[in-house]
Number of protein chains: 2
Amino acid sequence: MVGKSTLYDVALKAGVSTGTVSHAFHHPELIKEDTKMKVLDAARELHYFPSGNARGLASGKTNAIGLFSFDMLISSPLWYVPKSNSDGVVEEPEISTFPLYVDEIEHGFELECKERDQALVLQALPNGKYESFVDSVGRVDGVALVEGFKPDIATIKALCDQRPVVLLSEPKSSYNALSIQVDNVAGTYALLDHLVLTHHVRDVAFLGTLDSPDSYERYNALMERAKRYDISVTHPSLGKWGASIDQAMAEARTFVEREDFPQAVVCVNDQLALSFMAVMRMLGRRIPEDVIVTGYDGILAGRFSSPKLTTVLQPSQAMGRLAARSLIERRGKPWGEPKFKLLPTKLVIGESCGCRRPSRPSMDRLVAADVSWFDSIKMRRGHNW
Amino acid sequence: MVGKSTLYDVALKAGVSTGTVSHAFHHPELIKEDTKMKVLDAARELHYFPSGNARGLASGKTNAIGLFSFDMLISSPLWYVPKSNSDGVVEEPEISTFPLYVDEIEHGFELECKERDQALVLQALPNGKYESFVDSVGRVDGVALVEGFKPDIATIKALCDQRPVVLLSEPKSSYNALSIQVDNVAGTYALLDHLVLTHHVRDVAFLGTLDSPDSYERYNALMERAKRYDISVTHPSLGKWGASIDQAMAEARTFVEREDFPQAVVCVNDQLALSFMAVMRMLGRRIPEDVIVTGYDGILAGRFSSPKLTTVLQPSQAMGRLAARSLIERRGKPWGEPKFKLLPTKLVIGESCGCRRPSRPSMDRLVAADVSWFDSIKMRRGHNW
DNA sequence: CTGTTAGCGCCTTCAG
DNA sequence: CTGAAGGCGCTAACAG
């Protein structure tokens, strides 16, 4: 009863051989309808759940693809912390979360898998932990690695020769993998063009550490474009910004008092931009009147911030979908050569750059704007409302 | 080079036996430091990735837990479709998504797995497809099933005797599984109390099909509580609401013209509530002036809708976390008896019930309200800003 | 059409 | 401390 039954049990019960049982599942056309039914019935009665491991081992594939990240993927969301109301009515017990950049990638990945009926294994690997990485890789037919991975380079390279690998947010490489990246350069150019041409910005600071390919590209592109307008770009250190809110306030205080405090602050991502805006506000500075702030990524929270964040939007979901699709289509076959795909970015004008928007986004716009919104809602529970 | 190397290759290269290699990985204390290093080096040089399947087969565990849903999990999000601006400035290329109820559950599940360094397999199963279900189960040591599953009852029951199973949004059952549900009754009571006592509602309609344990409970609780106040509850059919927006408009039109059109509409979930509000608005009705609308779940979109949605909030993330944690702690061992856990709900007052809020939620509140928001942001990229 | 059998890659006693 | 060997549950030839 409690014991798990195996293929042998099924064969025994059905009075056939194991080969036949296997055929009944995978090559039903090879056996008689009659015996097939016998087998299926037996399996059902025994509550037979085939072992995925044994299957995989025998057939040489795991039948699953992976999305691994070495850092904080799936992790800390952007909290929305409700304050208890002045009249005491509202006191929400659970904090809501805004999906971030990697969440969107992940979501796209999942959507694609779901639509293709693919199993997906998600794993967050402790950064730099060689063994866990090596371990996990053996569990999937192909894997997408999210930016931030820094295990042994040679290992990654070898992996690319053994199975299909997608490198997300990575520039063109010499690995036999598919690297997918967004067009940071075009996005940055568009951003600076807007700041300069529309808002007459003459000096900007780039905020954020250069610790990923994206951040490098963004910084470099900004420097590059700045030459064209002959404007200055500083890159002030954030110091202990991330240590605590007090530390961030301290850093911000020194920053605003510098005589080269800029007209515009280009943050390396939306999270930083949002927290920077918040801290500025706590210091009594207004945005965009006192300082213009922009971000990168286009996360949902930025559309509901006040002021609405001007940012360089990335097709994060599309990125995730593309990764999954590519992996699935390779069916375990590694790329024989380096591949590269550049996804477009798009400048999204908010209010934090000084533009005025007609109104705050509201759910009114949802339906009014596009019926597909409605269609998407109704899908969820199989039209059962 | 391209061939995947196995344990044998490593043994050969290290000049030891396969058993020793295995020991080097799993029982290093049993072998000499010296030979261990030899093995590890060999493995590294060969870029040896152990087969998860073989490991699992030999050790009898998959080392992963699953989150399965039989329907639309991970699926259609609530789109935010940006309209291109009147001044033509904004034309956002990608639609953003609001996470829904199941997304929050999933997120909690993932967070818990990540924190515990657990691999997680996600799979959306075609509803009622017995085989794919049976297939997928063999890939994990334990599984959480999201509401909406309707495969062979006996199969589920048998599964519960073989591995740990968590049933989400399911009432107490006789299965040897852990069922987790939210307190719909208390939530509904609180909701109706508020509507009656604060807004003097005398008649309400319950909107939504009764096709899940939660929906039944909500409806029943509403009926029950209504007795106490001696008010009437209708349950109008939504007809082809989900078919298209035109159909929904048509349904809504007949509904508003009924002479028993109620003061308040209690929708079975937030999505329905949001789309109902949208459709009402398209028909020229105001909310809450013309009709009060409420939902269930407490999804993020409802906090940014206009008017802000009054709803019965569920601790969805906590539910996901609890499921994952329970599964991990069982380590493949099935529950020997039915278990049940009831999670609390909380009435969240918005504006759609007629209450007035001091202000629209804005990102200002984020920091002002709670420093933990800041802390949560900074975590993301390992403090590297 | 069905049965037989040899692995798949690894782990784990059990000898040595 | 290390090597040898059986077996985990299933698939896929290959016979019959």
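Note on naming: letters A, B, ... go to the chains in the order of the sequence lines (proteins, then strands), and numbering restarts at 1 for each one.
- The distance from atom CG of A/Asn63 to atom C1' of D/dT11 is 14 Å, rounded to the nearest whole Å.
- With axes fitted over five pairs at each extremity, the angle between the ends of the helix from C/dC1-D/dG16 to C/dG16-D/dC1 is 40° (10° resolution).
- Read 5' to 3', the first and last nucleotides of DNA chain C with an atom closer than 4.0 Å to a heavy atom of chain A are C/dC1 to C/dG9.
- The nearest pair of heavy atoms linking A/Pro50 to B/Asp135 is CG-OD1, 4.0 Å.
- A/Gln118 places none of its side-chain heavy atoms less than 4.5 Å from the side chain of B/Gln123.
- Phosphate contact (OP1/OP2 of D/dT11, side-chain N/O of A/His26, threshold under 4.0 Å): present.
- Evaluation of the ring-ring contact (aromatic ring centres under 6.0 Å, His included) test over residues 6-45 of chain B, restricted to residues two or more places apart or in two chains, returns B/His23-B/His27, B/Phe25-B/Tyr48.
- Proximity of B/His107 to A/Asp103: side-chain heavy atoms (C-beta onward) are separated by under 4.5 Å at one or more points.
- A/Pro171 and A/Phe340 get closest at one heavy-atom pair: C-CE1, 3.7 Å.
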Heavy atoms under 4.0 Å is the rule here; annotate nucleotides 4-9 of chain D 5' to 3' with B where the base is hit, S where only the sugar-phosphate is, and - elsewhere. -B-BBB

For salt bridge (charged side-chain N to carboxylate O under 4.0 Å, His left out), just list the numbers for A/Asp141 and A/Arg330, CA-CA rounded to whole Å, side-chain angles, deciding distance to a tenth of an Å, and then say yes or no. CA-CA 9 Å; A/Asp141 291 330; A/Arg330 300 297 304 183; over 6 Å; no

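- Counting only heavy atoms from C-beta outward, the side chains of B/Gln181 and B/Asp214 approach each other to under 4.5 Å.
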Check against side chain to side chain contact (heavy atoms under 4.5 Å, CB included), B/Ile180 and B/Leu167: CA-CA 6 Å; B/Ile180 306 180; B/Leu167 272 12; over 6 Å; no

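- B/Val21 comes within 4.0 angstrom of nothing in the nucleic acid, heavy atoms only.
- A search for salt bridge (charged side-chain N to carboxylate O under 4.0 Å, His left out) contacts involving A/Lys38 returns nothing, not counting sequence neighbours.
- Applying the side chain to side chain donor-acceptor pair (under 3.5 Å) criterion to A/Glu329, with sequence neighbours excluded, gives no partner residue.
- Look at NZ on A/Lys61: it is 13 Å from C1' on D/dA12, rounded to the nearest Å.
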